[in-house]
Amino acid sequence: MGFEEFQTPRGTRDLLAPLSWQFEAMRRLALEWAARFGYDLIETPIFEKSPVFLRVGESTDIVQHESYRFTDAGGDDLTLRPEGTAAVARAWVQHGLSTAPQPVRLCYFGPMFRRERPQADRYRQHTQFGAELYGSESPLADAEVILLATRVVDTAGLRNPEVRVNSIGCEECRPRYREALVQFFTERQASLCEDCRVRLKQNPLRLLDCKQDVEIRKEAPDLADYWCDACRDHITAVMGAVGAAGQTIRRDPHLVRGLDYYTRTVFEVGHPSLGDQVALFGGGRYDGLSGALGGAPAPAVGFGMGIDRLISALPTPPEAESAPRVYVAHLPGFDQQAFLLALSLRERGMAADADILGRSLKAQLKDAGRRAVLALIVGGTEWENGTVGVRDLAQGTQDNIPRDALAGYLAERLQGDRA
RNA sequence: GUGGAUGUAGCUCAGGUGGUUAGAGCACCAGGUUGUGGCCCUGGGGGUCGGGGGUUCAAGUCCCCUCAUUCACCCCA
């Protein structure tokens with residue numbers, strides 16, 4: 001077990017194989033889809049100046065209580081990024097991407113940090129894949145990012161994800177709704193839970209997704225009754241486009257989201273195999289964000305996806321990197337020949353392994369049986385005659401192959417083996 | 001931040017009412033085959049029994065504290 005002071009900090013973990021390779025496979029799958037949709041990969045720093053996140057979520061738990069904020073030796077106020085959207089927005093402003101050919105499509109994949117109490121599928125360091133689409137107000141932009149996210153989830157093996165969506169309105173219609181909502185809940189303040197009384201003052205919209213006061217909220221005013229025409233048309237078009245693409249999507253009138261930079265569209269996808277309220281990905285439209293960070297105002301939509309959760313929700317893990325497929329075993333005195341042969345096979349694109357523990361042939365073959373499909377046996381009279389033994393570890397059959405024909409022979413064998 | 005459960009080998013776990021050198025299975029290593037794995041047999045390495053304190057002649061076992069893990073709440077990916 002070891003000493004506690006030398007273990008991973010709470011809420012973090014080491015990714016060992018095969019999980020580590022599964023993450024890599026998910027990274028490739030996600031970025032492949034993003035590239036097909038035309039998204040460029042952006043890598044922002046893992047920490048930012050704290051105001052980048054503060055500006056974006058002043059009233060959210062994420063930046064208020066859950067961020068890893070620190071002052072470095074030079075006195076800079078820094079924060080480990082708790083989410084991707086604000087950091088990408090900062091980059092968008094900093095690099096003047098408002099003048100790039102529009103729209104601008106950016107995606108990211110990397111660790112995020114939140115200081116929460118860890119539990120199933122929630123970590124203090126977790127990996128998110130996300131995409132941000134700048135420069136389009138069109139509902140098709142919302143539909144595009146939703147479809148990118150669902151394609152990733154679906155092709156990762158979690159079939160037919162169901163998107164929940166809502167519109168929290170715009171500057172025109174949201175204040176009217178908020179007013180009605182505050183009035184409604186103020187009248188019933190006495191029967192609200194403690195948290196909701198705080199929400200009532202700080203972030204009234206969040207009253208909608210309280211899990212305790214479900215009865216009360218049933219009668220609360222519905223956003224849909226307050227949408228302006230433009231907002232109504234927008235969400236209708238988003239749902240229409242996503243639906244037309246064959247993706248299940250339905251409105252959840254109680255869906256509002258934790259970050260307070262959203263405008264109009266918010267969406268989320270969960271999964272029964274995870275906790276009921278645990279989201280696989282979530283996102284929305286945030287037309288005011290770039291302006292809040294001092295840049296040109298620009299419409300934008302995006303999402304963040306929890307890779308740790310996605311992998312743990314998959315019925316079968318993503319295809320992990322395979323172990324070395326060829327093991328070059330050697331007879332006593334031929335360890336260097338085996339070492340060099342393995343190297344030359346790697347140069348030819350094969351995954352090869354050779355013993356460097358000075359083990360007996362028996363021990364080498366035992367090891368080979370675990371990590372390879374073919375074992376080469378180097379040494380003895382065969383080697384002197386210019387051949388190498390090739391043993392099929394599954395079948396138990398063995399042939400002698402001339403050394404100069406070996407590479408081609410192996411390539412063919414492994415090809416067939418794969419198919 | 002709040003509440004519950006759990007901490008014995010790398011992993012999964014045994015260790016009634018406290019009693020000599022703490023066990024098993026799997027995994028790992030070696031031998032049984034002077035050059036051939038997967039099965040079998042034999043042997044071996046490996047443990048601050050989470051940590052600290054207390055009760056006792058004696059604590060893995062009882063008590064207290066602490067740390068960690070885990071599940072739920074909160075919130076989120």
Side-chain angles (χ1 to χ4, degrees), chain A residues 1-13 16 57 59-67 81-85 108-130 149 153 193-196 198-199 203 206 209-212 256-259 268-271 274-283 302-313 327 329-334 355 357 359-383 389-398:
Chain A
M1 184 156 277
F3 295 92
E4 278 166 9
E5 50 267 60
F6 296 134
Q7 295 191 322
T8 52
R10 168 165 254 204
T12 68
R13 54 177 177 165
L16 303 179
S59 66
T60 66
D61 281 349
I62 289 180
V63 304
Q64 282 214 316
H65 314 296
E66 299 178 356
S67 65
R81 64 179 183 198
E83 51 104 21
T85 297
Y108 58 87
F109 191 105
M112 304 294 164
F113 305 86
R114 292 177 196 176
R115 197 184 178 290
E116 314 171 89
R117 282 286 282 271
Q119 59 182 273
D121 298 311
R122 328 174 50 164
Y123 302 94
R124 290 185 169 184
Q125 176 180 337
H126 68 277
T127 300
Q128 274 189 43
F129 163 64
V153 169
C193 70
E194 228 172 279
D195 290 333
C196 280
V198 178
R199 290 186 182 117
N203 198 350
R206 305 234 59 187
D209 67 351
C210 176
K211 278 89 189 171
Q212 291 181 44
V256 293
R257 291 184 47 78
L259 284 345
E268 211 167 86
V269 162
H271 192 264
L274 298 167
D276 204 24
Q277 68 288 49
V278 173
L280 217 46
F281 69 78
F303 68 85
M305 178 182 295
I307 297 301
D308 308 69
R309 290 176 179 179
L310 176 56
I311 288 176
S312 91
Y327 190 102
H330 64 85
L331 293 167
F334 287 85
D355 172 69
L357 292 177
R359 286 189 281 203
S360 67
L361 180 61
K362 172 179 171 160
Q364 292 178 64
L365 286 172
K366 185 176 179 182
D367 195 27
R370 290 188 280 237
R371 46 177 32 131
V373 298
L374 290 179
L376 308 188
I377 297 157
V378 166
T381 53
E382 294 91 332
W383 183 264
V390 178
R391 184 171 182 81
D392 184 315
L393 292 164
Q395 306 296 322
T397 56
Q398 189 166 329

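Since we're looking at a predicted model, the values are computed, not measured. Every chain is numbered from 1 and lettered A, B, ... according to where its sequence line falls, protein lines coming before strand lines.
Pairing of B:rC57, defined by two Watson-Crick or G-U wobble distances under 3.5 Å, is identified with B:rG19. Pairing for B:rU36 is absent, with no Watson-Crick or G-U wobble pair whose two atom distances lie under 3.5 Å. The partner of B:rG47 cannot be assigned: no Watson-Crick or G-U wobble pair with both contacts below 3.5 Å exists in any strand. Across all strands shown, the partner of B:rG25 is B:rC11, judged by Watson-Crick or G-U wobble contacts whose two distances both fall under 3.5 Å. Of the nucleotides present, B:rC41 is the one that pairs with B:rG31 by Watson-Crick or G-U wobble criteria, both distances under 3.5 Å. Under the Watson-Crick or G-U wobble criterion, with both distances below 3.5 Å, B:rU2 is paired with B:rA72.
To the nearest whole angstrom, the two P atoms, one in B:rA58 and one in B:rG25, are 34 Å apart. Nucleotides B:rG15 and B:rA9 place their P atoms 15 Å apart, quoted to the nearest Å. Remark: the separation of the C1' atoms in B:rA22 and B:rG46 is 14 Å, to the nearest Å. For the P atoms, the distance linking B:rG51 with B:rU61 amounts to 10 Å, nearest Å. Spacing of C1' atoms, B:rA72 relative to B:rG54, comes out at 33 Å, to the nearest Å. Remark: the separation of the P atoms in B:rC41 and B:rA24 is 15 Å, to the nearest Å. Taking the P atoms as reference points, B:rC11 lies 14 Å from B:rU70, given to the whole Å. Nucleotides B:rG52 and B:rA14, compared at atom C1', are 27 Å apart to the nearest Å.
Residue-level contact check: A:Phe129 touches neither bases nor backbone, having no heavy atom under 4.0 Å from any strand.
With contacts defined as side-chain heavy-atom distances shorter than 4.5 Å, the pair A:Asp355/A:Asp367 does not qualify. Counting heavy atoms from C-beta on, the side chains of A:Val378 and A:Leu331 never come closer than 4.5 Å. Side chains of A:Tyr327 and A:Leu365 form no contact here, defined as non-hydrogen atoms less than 4.5 Å apart. Under the 4.5 Å side-chain criterion, counting only non-hydrogen atoms from C-beta, A:Met305 is in contact with A:Leu310. The shortest side-chain heavy-atom distance between A:Gln128 and A:Phe281 does not fall under the 4.5 Å cut-off.
In this entry the distance linking CG of A:Leu310 with C1' of B:rA77 reads 10 Å, nearest Å. Atom CG of A:Leu357 and atom C1' of B:rG45 are 16 Å apart (whole Å). A:Phe113 has its CZ atom 16 Å from the P atom of B:rA77, to the nearest Å. Atom CD of A:Glu66 is separated from atom P of B:rA77 by 10 Å (rounded to the nearest Å). Taking atom CZ of residue A:Arg13 and atom P of nucleotide B:rU69, one finds them 14 Å apart after rounding to whole Å.
Where A:Thr127 and A:Arg10 each meet RNA chain B at their nearest nucleotide, the meeting point lying more 5' is that of A:Arg10. The residue among A:Pro118 and A:Gly304 whose nearest nucleotide of RNA chain B lies closer to the 5′ end is A:Pro118.
Here the rule is side-chain contact (heavy atoms from CB on, under 4.5 Å) with A:Met112, and of A:Arg81, A:Gln125, A:Arg124 only A:Arg81 fits it.
In this structure, A:Arg359 places its CZ atom where more than 12 heavy-atom neighbours from other residues, nucleotides or ligands lie under 6.0 Å away.
Atom CD of A:Gln7 is separated from atom OG1 of A:Thr12 by 10.0 Å, given to the nearest 0.5 angstrom. Going from atom CG of A:Leu361 over to atom NZ of A:Lys366 covers 13.5 Å, rounded to the nearest 0.5 Å.
Residue-to-nucleotide contacts include a donor-acceptor pair under 3.5 Å from the side chain of A:Arg117 to the base of B:rU2. Side-chain atoms of A:Glu268 stay outside donor-acceptor range of the base of B:rA77, with no qualifying N/O pair under 3.5 Å.
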For nucleotides 28-38 of chain B, just jot down a letter per nucleotide in 5' to 3' order: B, S or -, based on protein non-hydrogen atoms under 4.0 Å.
SSS-B--BBBB
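The phosphate of B:rA72 (OP1 or OP2) has a side-chain N or O of A:Gln119 nearer than 4.0 angstrom.
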